[in-house]
A.B. asks: 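Below you will find the structure I want to go over with you.
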Amino acid sequence: MADRIINSMKTEFTAKSVNESFARTAVASFASQTDPSIAVIADIKTVVSEAVTNAIVHGYADIEDKQSCIIYIQCKLLESGKLIIKIKDKGCGIGDVKTAMQPLFTTDTDGERSGMGFTIMQSFTDGIKVKSRLGKGTTVTLEKRLNTN
Amino acid sequence: MDITSEKRGDTITAFIKGEIDHHNAKAARETLDSIIETEQPIHFGLDLSRVSFCDSSGLGLVMGRMRKCQTVGSTLIIKNPSVAAMRILEIAGMDKILKIERGD
Ligand SMILES: Nc1ncnc2c1ncn2[C@@H]1O[C@H](COP(=O)(O)OP(=O)(O)O)[C@@H](O)[C@H]1O
Ligand SMILES: [Mg+2]
């Protein structure tokens with residue numbers, strides 16, 4: 001039986017770090033309509049923050065004019081109580097997704113990134129899909145069950 | 001996010017209050033590094049009891065300060081991590097590497 005979409009939301013914003021908190025709050029607020037636990041909301045905020053931060057610090061790292069760098073978020077709430085969160089950038093893309101997703105892997109050079117973003121996204125959700133093409137961009141799709149009982 | 005610090009004996013403790021994400025981590029790094037550099041305490045405490053949100057940027061912040069402390073001969077002690085902070089430290093196995101203290 002198909003899992004019907006019962007509600008959806010779309011937002012897009014400039015790839016500026018000040019919007020990281022806007023993004024996670026917006027998705028958490030959309031998710032809270034089903035009255036999930038505080039722990040589930042905390043997980044959602046964390047994983048959205050990870051994906052959006054990646055778009056800003058990696059995806060759009062080399063683009064001077066940040067005003068032209070847009071991050072797209074799409075959320076779908078399914079009848080079964082599952083939330084699908086799609087976070088997309090049109091940045092540099094990832095050459096080797098499998099390697100990028102390994103714990104502690106980072107291409108960061110100033111030593112302030114942990115390389116644990118994908119690992120956190122994986123362990124705080126019920127599913128993750130990463131679609132990426134060099135020079136085209138990256139889409140991270142996260143699945144989270146809102147009803148944990 | 002807000003950082004205050006307190007000196008007690010040979011320990012300087014910095015208290016982080018609020019959300020640690022990539023946006024806030026930059027300012028936090030500068031504040032903490034300037035305390036570590038100027039004071040070079042024997043023990044540098046990082047109180048995370050009032051951290052309401054923390055993602056992997058917080059983890060990077062802690063790992064970076066651990067290295068910073070090593071360069072000046074200070075020992076980093078994580079104090080009273082909140083649920084949000086502890087969850088992130090645990091996922092990286094950092095709770096086994098870091099000195100974590102609870103109480104007082
Ligand atoms: N949106 C993205 N665009 C380009 N590269 C990305 C993107 N997201 C992740 N990456 C690559 O994957 C690596 C691992 O990401 P992550 O696990 O979040 O660790 P970190 O952000 O700490 O480096 C990054 O260092 C980067 O090379
Ligand atoms: Mg990351």
Side-chain angles (χ1 to χ4, degrees), chain A residues 13-25 27-28 37-61 66 71 87 100-125 142, chain B residues 1-3 16-34 36-37 46 48-72 76 78 81-98:
Chain A
F13 50 89
T14 312
K16 297 185 77 172
S17 67
V18 69
N19 287 331
E20 289 156 9
S21 88
F22 160 75
R24 62 177 177 264
T25 309
V27 176
S37 68
I38 290 167
V40 166
I41 288 292
D43 287 351
I44 289 171
K45 280 190 180 173
T46 309
V47 298
V48 170
S49 202
E50 293 297 347
V52 168
T53 298
N54 279 351
I56 294 169
V57 304
H58 306 300
Y60 291 124
K66 296 291 177 203
I71 297 170
I87 297 165
M101 291 181 77
Q102 296 294 316
L104 300 174
F105 177 88
T106 181
T107 49
D108 167 65
T109 47
D110 80 350
E112 292 295 320
R113 306 229 47 87
S114 60
M116 292 300 287
F118 276 127
T119 306
I120 288 170
M121 285 185 253
Q122 242 159 344
S123 54
F124 284 23
T125 60
L142 301 161
Chain B
M1 193 188 51
D2 180 55
I3 299 178
I16 301 186
K17 187 182 159 200
E19 303 193 312
I20 312 179
D21 61 7
H22 156 254
H23 179 70
N24 293 332
K26 287 176 214 159
R29 165 179 24 167
E30 281 162 23
T31 305
L32 297 174
D33 281 358
S34 100
I36 297 166
E37 263 163 37
L46 199 52
L48 302 179
S49 60
R50 295 171 86 182
V51 170
S52 55
F53 173 85
C54 183
D55 64 16
S56 74
S57 302
L59 190 60
L61 183 71
V62 170
M63 287 162 72
R65 281 348 95 212
M66 191 167 79
R67 282 191 295 271
K68 185 77 189 176
C69 280
Q70 280 164 359
T71 63
V72 301
L76 175 70
I78 301 296
S82 65
V83 174
M86 194 58 196
R87 201 130 184 252
I88 297 294
L89 295 178
E90 275 171 350
I91 217 158
M94 286 290 285
D95 56 317
K96 295 182 188 73
I97 298 160
L98 288 162

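Only heavy atoms go into these numbers, but all of them, side chains included; no hydrogens, no water, no symmetry mates. Residue numbers begin at 1 in each chain, while the letters A, B, ... track the order of the sequences.
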A.B. asks: Quick one: list whatever passes ring pair (Phe, Tyr, Trp, His ring centres under 6.0 Å) with Phe53(B), sequence neighbours left out.
C.D. replies: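 Listed in chain order: nothing, the list is empty.
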A.B. asks: What distance do Ile3(B) atom CD1 and Lys17(B) atom NZ have between them, rounded to the nearest 0.5 Å?
C.D. replies: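 So the CD1 of Ile3(B) and the NZ of Lys17(B) are separated by 12.5 Å.
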A.B. asks: Please classify the contact of Val47(A) with chain B as side chain, backbone, both or neither, using a heavy-atom distance under 4.5 Å.
C.D. replies: neither
A.B. asks: Looking at residues at least two apart in the chain, or sitting in another chain, which of them share a ring pair (Phe, Tyr, Trp, His ring centres under 6.0 Å) with Phe105(A)?
C.D. replies: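 Ring pair (Phe, Tyr, Trp, His ring centres under 6.0 Å) check on Phe105(A) returns nothing, list empty.
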A.B. asks: Quick one: list whatever passes side chain to side chain contact (heavy atoms under 4.5 Å, CB included) with Val83(B), sequence neighbours left out.
C.D. replies: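 Scan of Val83(B) (side chain to side chain contact (heavy atoms under 4.5 Å, CB included), adjacent residues dropped) gives none.
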A.B. asks: What are the sub-3.5 Å donor-acceptor pairs between chain B and chain A, distances to 0.1 Å?
C.D. replies:
residue  : atom : partner   : partner atom : Å
Glu19(B) : OE1  : Arg24(A)  : NH2          : 2.9
Asp21(B) : OD2  : Arg24(A)  : NH1          : 3.0
Asp21(B) : OD2  : Arg24(A)  : NH2          : 3.0
His22(B) : ND1  : Glu20(A)  : OE2          : 2.5
His23(B) : N    : Glu20(A)  : OE1          : 2.9
His23(B) : ND1  : Ser17(A)  : OG           : 2.6
His23(B) : ND1  : Val18(A)  : N            : 3.3
Asp55(B) : OD2  : Ser49(A)  : OG           : 2.7
Ser56(B) : N    : Glu50(A)  : OE2          : 2.6
Ser56(B) : O    : Ser114(A) : OG           : 3.4
Ser56(B) : OG   : Glu50(A)  : OE1          : 2.7
Ser56(B) : OG   : Glu50(A)  : OE2          : 3.2
Ser57(B) : OG   : Arg113(A) : NH2          : 3.2
Arg65(B) : NH2  : Glu112(A) : OE1          : 2.6
Arg65(B) : NH2  : Glu112(A) : OE2          : 2.6
Arg67(B) : NH2  : Gly111(A) : O            : 2.5
Arg87(B) : NH1  : Asp43(A)  : OD1          : 2.4

A.B. asks: Please report the C-alpha distance between Ile88(B) and Ile20(B) in whole Å, then the side-chain angles of each, then the deciding distance to 0.1 Å, and finally whether the side-chain contact (heavy atoms from CB on, under 4.5 Å) criterion is met.
C.D. replies: CA-CA 11 Å; Ile88(B) 297 294; Ile20(B) 312 179; over 6 Å; no
A.B. asks: If you measure from CD1 on Ile16(B) to CG on Leu48(B), what distance do you get to the nearest 0.5 Å?
C.D. replies: 5.5 Å
